[in-house]
Amino acid sequence: MTTDSIKEIQAKTTALLATARGGGITVHEIDSLRDALRFHEYRYYIQNDPLISDFEYDTLYKSLEALETDNPDLIIADSPTQRVGKGLTKEFPTVPHLVPMLSLDNSYNADDLLAFDRKTREATGRETIDYCVEPKFDGASISLVYEDDRLIRGATRGDGVHGDDITPNIRQIRTIPLAAKFAAHGLHTAEIRGEVLINKTNFAAFNESLVEAGGQPLANPRNAAAGTLRIKDPVEVGRRKLEAFVYSLGYYTTLPGRTEDFTTHAETLAMLYELGFRSPAREMKVFSGIQAVIDYCLAFEEGRDDLPYEIDGMVIKVNEFALQETLGMTSHHPRWAIAYKFKARQATSKLLRIEYQVGRTGNIGPVAKIEPVPIGGVTVTSVSLFNEDIIRDKDIRIGDTVLVERAGDVIPYIVKPLTELRDGTEQPIVFPTCCPSCGDALYRAADEAAWRCPNASCPAQALERLFHFASKDAMDIRGLGEANIEKFYKIGLLSSIPDIYRLDFEAIGKLEGFGAKSLEKLRTAIDSSKTQPLHRLLFALGIRYVGETTAKTLAHAVHHLLDLQSFDEEALKGLEDIGPKVAGSVASFFANADNRALLKELEDLGLTLTNDHRKDTTGGDLQGLSFLFTGTLVRLKRSEAEQLVEDNGGTIVSGVSSKLSYLVVGEDAGSKLEKAKKITSVRIISEDEFLKMVGK
Ligand code: IVH
C-alpha cells in the first residue's frame, strides 16, 4: 500500500470517527466503514503497527455492528463483524483437499543438508540452487480456500487427503483475512497452507487457567492449537487467541485470460503478506547455495527462544517453481523441500521422590524431584506433575527413568516413564490423604482433578497468599520476598495480608540481618505499595481465575474496588474476555462478607482502592506528556510499554502530530519516525531511553 493510499484511508478514518461521535454513521458509508476496519485490523494484527487507538477501533467496530443490527439484510459473510461465531457448530464435515497436503523430509545436521543439495543439483543439472529458508512453525497445519477473493473454507490437514472442515473456527483467527484480493494477482481459486499457533504467553495463561480449574495442563502450544481448532464452540476458539502463519500456495487457478504474476516461492510469500496474511515474509531469506542456508539455520536455532511462538526447525525450499516441478514429489514429501529439525529439548533422568506443594487456594501440587539433567541449556531438577490423574494416567513410579521435555519458556514436564527400563524396584506413588502443611484431611471436588486442603488458615496457604500478594507482578513490595515473609510469619509478626501494613518495625529491627537501612527500605516499599494501581491490588488478592489481564478488565470497570460487589455474574460476563467461570469466582469473592471486610480493612490501613490516582513512581513523572511507540520493541511488549506510560501518568496517542511529546522508536521503525523527524517539538527516543525515564 502506498503512503498516499494510507493517507487517504487515514483521512477517511478520521472523518468516520468524527461522524460516529456526532450524528452516527449511515448505511451509505457501510462499505467505507468496513474497508477502514479491515485496513486497521491489518495494521494491528499483521503489521503490529496500529494507526488508531483500540478505543477508536472499537468505536468504528460498534458503529458497524449497530448498522448491521438495524439493517440485517446488509450483513455480508466477510464483514469484520462476522468473525464472532454465533452459537455452536454440530460437528465437522470431512472435505477433500484440492491437492494432497504432503509431509516434509527431515534433516538434522549440516551433512544432511549438503546431501539434499547434492541430490537437488544432480536432478536439476544446476550448479547452484536458490533456496528459500523460513521457520518451521510448531503448530497445527491448516488449508484455506479462497474463491473470488473470499475465504470459503478452512480445514485441518487430517490424513493429508481429507481434512475436517473447521471454517467457523478458522474465521475466529484474527490473522486470517476473510477476504483477500487474489484477483489482483490473476487468481480465481487459491488454496493457502499454513500453521495455526498459540503464542507462548497466551499458552502459559491458558494452561494456568486449566490447572486452576483442576484440569490437566496441555503439554505444549502445538497441542493447545490443534485442540482448540477442534472445539465445537467458535466463541471459545476466539477467546483463546490463536494466530496463523501461512507458508505456501498449495493450489490455484487463474482467472480467464490472466496468468499468475509470480514464479518463485519467495514471491508468493511476499504476495500473501501484501494480501493481508501473516506469512514469514520477513523471516524468510533466499540464498544461493547451501552453505549460507546452513549458516542461517544454525543462527536461527540460537535465537529460537527469543521468538514469541514455538518453532521446531527451518524449512528449506527450492525457490523457483519451474525447478520444483522438475524435482516432483514422492508419495510422502516433495523432493524440492526439506525440514531442518532443531535439537530436541528432551532428556532422560531418574525420578527420585515426590514433594507435595500447597498452593494459595489449597491445591496440592505434586512435584517430581529428578536427578539434575541439562535440557536446552538449563539444568532441570524439578518437574511439576500437576495432579494425581496425570501420575496415574502415565503410570509414573518412583525410581523410573523418565523422559523430560522442556520446550522454550514452557515449564518442563514428564512425557512418559521408560517402562522398558524398569527393574522391578520402582515404587508406585501414593498420593497423600492429609495436607503436608497443616495435616487436615484433603478433599477432591467431583469436577476437579486437584486435591485441596480445606483449611483456610493452613500455614502453607497463608504463606502462598502472602508471597503472591507481595510478588513483583502483584504489589511489588521489594524487600518482602519469600524468605522474609517466612521469617516474619514464623515469629508471629505476619499472618495475613493486612498485617503487612501494620508490621512492627521495632521488632524486625531486633532480628539478625536487619540494619536501619534495610528496615527503612522495607518501610518505604510497603508504604509505596499502598498506591499501586487498582488492577495490581485486584490481582494480588489471588481471586481464583483472576490473572493480570482479567484484573485490568475488572479494575477498568469500576471507580472503587468495592463497586464490584454490585456486579452480578451476568454483568461480569458482559465485560471483555470474562467467561462464566471467572464471573462466578469474582461474584462469589465479593459476595463473601469476610472478603469485603478485608478490603475495607486495607482501605483503613491507607491502601488506595479507587481508580483515580496515578502511581507515584520514583523513576519519573510523565504527567502531561504523551507517547507513541513505533517499530518492534525489544525489551518490552508494546502493551507493557503503554501500561508503563499510563502507570506513570502519561498518555498514549494514536498518531504523530505536534501534540506528541515523545516518539519511542523500536527496530524497523517506518513512516511514523519519518513524520516525527519533521516536527521539531516531538522528541525521538530509543526504548532504552524510555525505560530510563520510567526508572527501569
Ligand atoms: S511446507 C509440501 N513450510 O511442517 C510441503 N511446512 O511435515 C508442505 N510446517 O505439518 C510443507 N512450518 O504444517 C512448510 N514454513 C513451513 C512450515 C511447514 C510448519 C509444518 C506443516 C506440516 C509439517 C511438514
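Order of listing sets the numbers, starting from 1, for every ligand and every atom in it.
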Novice: Closest by any non-hydrogen atom to atom 13 (O) of ligand 1: pick that one out of E195, H333, K136.
Specialist: E195
Novice: Look at ligand 1 and say whether P135 reaches it with a heavy atom at a distance under 4.0 Å.
Specialist: yes
Novice: Going by the closest heavy atom to atom 6 (N) of ligand 1, which one wins out of F245, F137, W336, Y247?
Specialist: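 Result: the heavy atom closest to atom 6 (N) of ligand 1 is in Y247.
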Novice: For ligand 1, is there an atom lying under 4.0 Å from some heavy atom of R193?
Specialist: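 Contact check R193 vs ligand 1: negative.
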Novice: Any carboxylate oxygen within less than 4.0 angstrom of a Lys/Arg side-chain nitrogen, looking at E405 and R345?
Specialist: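 Looking at R345 together with E405, the answer is no, because their closest N to O distance does not fall below 4.0 Å.
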Novice: Suppose I only count heavy atoms of P334 and a 4.0 Å limit; which atoms of ligand 1 are within that range?
Specialist: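 Per the distance check, 2 (C), 5 (C).
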Novice: Taking atom CD of E302 as the centre, does the number of heavy atoms from other residues, nucleotides or ligands within less than 6.0 Å exceed 12?
Specialist: no
Novice: Got the closest protein heavy atom to atom 3 (N) of ligand 1, with its distance?
Specialist: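 Sorting protein heavy atoms by distance from atom 3 (N) of ligand 1 puts K317 NZ, 3.0 Å first.
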Novice: Between F277 and Y146, is the ring centroid distance below 6.0 Å?
Specialist: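 Yes, they do, as the ring centres are separated by less than 6.0 Å.
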Novice: Looking at E236 and R239, is there a salt bridge between them, counting it only when a charged N and a carboxylate O are closer than 4.0 Å?
Specialist: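 Between E236 and R239 there is a salt bridge, with a charged N closer than 4.0 Å to a carboxylate O.
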Novice: Please list the nearest protein heavy atom to atom 7 (O) of ligand 1 with its residue and the distance rounded to 0.1 Å.
Specialist: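 The closest one turns out to be L104 N, 3.1 Å.
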Novice: Looking at Y296 versus F287, is the centre-to-centre ring distance below 6.0 Å?
Specialist: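 Centroid distance Y296-F287: below 6.0 Å, so yes.
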Novice: Between R174 and E41, does at least one N-O distance fall below 4.0 Å, as a salt bridge requires?
Specialist: yes
Novice: If you have a sec, work out which protein heavy atom is nearest atom 10 (O) of ligand 1 and how many Å separate them, to one decimal?
Specialist: S141 OG, 2.8 Å
Novice: In terms of residue, atom name and distance, what is the protein heavy atom nearest to atom 15 (N) of ligand 1?
Specialist: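 In this structure, atom 15 (N) of ligand 1 has E134 OE2, 2.8 Å as its nearest protein heavy atom.
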Novice: Return a yes/no value for V315: is any of its N or O atoms, backbone included, closer than 3.5 angstrom to an N or O of ligand 1?
Specialist: no
Novice: Within 45 degrees of the ring normal and closer than 6.0 Å to the centroid, is that where the cationic atom of K581 sits relative to Y545?
Specialist: yes
